[in-house]
Amino acid sequence: MGKSAADDKILSYNDVVLRRSDLDILSGPYFLNDRIIEFYFSYLSSCHVSQDILLVPPSIAFWILNCPDATYLKEFIEPLKLPEKKLVIFPVNDNDDMSLAEGGSHWSLIVYERNGNVFVHHDSNHGMNKIKARKLFSAVVGFMGDSTSASKAKYLDCVDSPQQTNGYDCGVYVIAIARAICCWYESSEHKDAEGMWFSFVKEQVTSAVVSQMRKEILQLIKGLMEKK
């Protein structure tokens with residue numbers, strides 16, 4: 001496929017534009033890019049319509065993580081209205097180069113849950129993004145609320161997070177875990193004794209589920225294309 005064909009726009013969904021090359025990424029054993037994760041986060045937001053839930057796009061999470069000047073950070077974060085959210089999901093990418101779009105080689109995610117006042121890091125590759133996750137936590141924790149308690153939220157690396165079995169499915173695990181946590185949040189039946197989602201995520205995010213998820217997203221995109 002030529003470059004021009006690969007760059008062809010195939011779908012505009014909310015504020016996300018998908019291109020033909022994104023279908024190739026989903027079809028093969030490839031690392032998910034920012035666009036696919038942003039598309040699915042936007043889709044989840046449409047499925048779980050709540051002012052309490054915020055799924056942060058990868059580009060915004062990346063900028064927060066790598067913002068070179070803290071004076072600009074407050075202006076950038078304020079529109080997210082983080083103090084009003086009860087569940088916030090941030091994708092974490094290990095790209096260090098601000099000038100390189102869609103760089104990096106690993107995805108994970110951090111979830112903030114207000115009732116527990118805790119940030120939880122889910123990493124499908126044995127904590128590979130631990131340092132990046134801590135850095136993102138440090139960048140946003142002071143913006144989670146006006147109260148002293150919100151700014152003193154705890155940080156937790158989930159040691160029992162579902163693990164990938166190859167070198168390219170980290171992004172699929174991110175969206176699968178995000179989907180499970182959004183479902184967990186809207187249900188009162190799946191909470192652990194501590195009021196958390198860990199056991200539910202383990203039940204819902206299995207290697208079999210992840211292996212089918214690329215096909216599910218492809219079918220979703222093609223279905224949306226047909227409606228346009």
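Residue numbers run from 1 in the order of the sequence given.
- Looking at heavy atoms from C-beta onward, His121 lies in side-chain contact with Asn129 at the 4.5 angstrom threshold.
- Between Ser124 and Asp169, the side chains place no donor N or O within less than 3.5 Å of an acceptor N or O (distance only, hydrogens not considered).
- Nearest heavy atom pair, residue Pro79 against residue Glu75, reads CD-O, 3.2 Å.
- No continuous path of ILVMFWY side-chain contacts below 4.5 Å connects Ile177 to Met128, so the two sit in separate hydrophobic clusters.
- Scanning for side-chain contact (heavy atoms from CB on, under 4.5 Å) contacts around Asp69 gives Thr71, Tyr72, with sequence neighbours left out.
- One finds no salt bridge joining Glu113 and Lys154 here, because no Lys/Arg side-chain nitrogen approaches an Asp/Glu carboxylate oxygen to under 4.0 Å.
- Looking at heavy atoms from C-beta onward, Met196 lies in side-chain contact with Val118 at the 4.5 angstrom threshold.
- Using a 4.5 Å cut-off between side-chain heavy atoms of Ile, Leu, Val, Met, Phe, Trp and Tyr, with links allowed through other members, Leu224 and Leu26 fall into the same hydrophobic cluster.
- Between Asp7 and Arg20, the closest side-chain pair of non-hydrogen atoms is not below 4.5 Å.
- Taking Ser45 as the reference, Leu55 meet the side-chain contact (heavy atoms from CB on, under 4.5 Å) condition, with sequence neighbours excluded.
- Residues Arg179 and Ile181 are not in side-chain contact: their nearest non-hydrogen atoms beyond the backbone lie 4.5 Å or more apart.
- The residue from Asn95, Asn125, Asp123 that alone fulfils the side chain to side chain donor-acceptor pair (under 3.5 Å) condition with His106 is Asp123.
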Chi angles and distances behind the side-chain contact (heavy atoms from CB on, under 4.5 Å) call for Lys132, Asn93: CA-CA 8 Å; Lys132 291 291 184 182; Asn93 187 278; over 6 Å; no
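- In this structure, Ser105 and Cys170 approach most closely via the heavy-atom pair O-SG, 4.4 Å.
- In terms of heavy-atom proximity, Val205 sits nearest to Ala180 at CG2-CB, 4.1 Å.
- Between Tyr40 and Leu220, some side-chain heavy-atom pair lies under the 4.5 Å cut-off.
- A donor-acceptor pair is defined here as one N or O able to donate and one able to accept, closer than 3.5 Å; no such pair exists between the side chain of Asp157 and the backbone of Val120.
- Counting non-hydrogen atoms of neighbouring residues, nucleotides and ligands closer than 6.0 angstrom, the CZ atom of Phe200 exceeds 12 such neighbours.
- Judged by distance alone, the side chain of Lys85 and the main-chain N or O of Gln51 form a donor-acceptor pair under 3.5 Å.
- Contacts of Met225 classified as side-chain contact (heavy atoms from CB on, under 4.5 Å), with partners at least two apart in sequence or in another chain: Ile10, Leu11, Ile221.
- Summarising the geometry, atom OH belonging to Tyr185 is positioned 6.5 Å from atom CG belonging to Leu87; distances are rounded to the nearest 0.5 Å.
- Listed here is the closest heavy atom pair of Cys182 and Ile89: SG-CD1, 4.1 Å.
- Side-chain atoms of Val172 and Phe31, non-hydrogen and from C-beta on, never get closer than 4.5 Å to each other.
- A donor-acceptor contact shorter than 3.5 Å links the side chain of Ser46 to the backbone of Ser42.
- In plain terms, the two heavy atoms of Pro57 and Pro91 that are nearest each other are C-CG, 4.2 Å.
- Note: the hydrophobic cluster containing Val209 does not contain Ile36 (ILVMFWY, side chain heavy atoms under 4.5 Å, direct or indirect links).
- Ring pair Tyr43/Phe39 is parallel by interplanar angle, where below 30° counts as parallel and above 60° as perpendicular.
- Annotation: side chain of Leu136 is in contact with side chain of Ile64 (closest heavy-atom distance under 4.5 Å).
- Between Trp184 and Trp197, the ring planes lie perpendicular to each other; the angle is over 60°, past the 30° to 60° tilted range.
- Panel note: side chain Trp107, backbone Val174; no donor-acceptor pair is recorded below 3.5 Å.
- Asp22 pairs by the side-chain hydrogen bond (donor to acceptor under 3.5 Å, both in side chains) definition with Asn33, Arg35, not counting sequence neighbours.
- Using modelled atom types, no side-chain atom of Ser161 and backbone atom of Cys158 make a donor-acceptor pair closer than 3.5 Å.
- Separating the CG atom in Leu32 from the CD1 atom in Ile175 is a distance of 5.5 Å, to the nearest 0.5 Å.
- Counting only N and O atoms by type, the side chains of His122 and Ser108 include no donor and acceptor under 3.5 Å apart.
- Using a 4.5 Å cut-off on side-chain heavy atoms (C-beta onward), Leu80 and Ile60 make contact.
- In this structure, the side-chain contact (heavy atoms from CB on, under 4.5 Å) partners of Ser50, at least two apart in sequence or on a different chain, are Asp52, Ile53.
- A donor-acceptor pair under 3.5 Å links the side-chain atoms of Ser138 to the main chain of Arg134, judged by distance alone.
- In the hydrophobic clustering of ILVMFWY residues, with side-chain heavy atoms under 4.5 Å counting as a link, Ile110 and Phe76 come out together.
- Judged as a ring pair (Phe, Tyr, Trp, His ring centres under 6.0 Å), the pairs with a partner in residues 149-183 (not counting sequence neighbours) are, in order, Phe137-Tyr155.
- Counted within 6.0 Å of NZ on Lys86, heavy atoms from surrounding residues, nucleotides or ligands total 12 or fewer; the atom is thus considered open.
- Leu218 and Val210 fall within a single hydrophobic cluster, where Ile, Leu, Val, Met, Phe, Trp and Tyr are joined by side-chain heavy atoms under 4.5 Å apart, directly or via other members.
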Val140 vs Phe119, side-chain contact (heavy atoms from CB on, under 4.5 Å): CA-CA, chis, key distance, verdict: CA-CA 10 Å; Val140 300; Phe119 284 81; 3.6 Å; yes
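- Judged purely by atom type and a 3.5 angstrom limit, Ser27 uses its side chain to pair as donor or acceptor with the backbone of Leu23.
- None of Val141, Val56, Asn117 except one satisfies the side chain to side chain contact (heavy atoms under 4.5 Å, CB included) rule with Tyr112; the exception is Asn117.
- Nearest heavy atom pair, residue Leu73 against residue Ala139, reads CD2-O, 3.8 Å.
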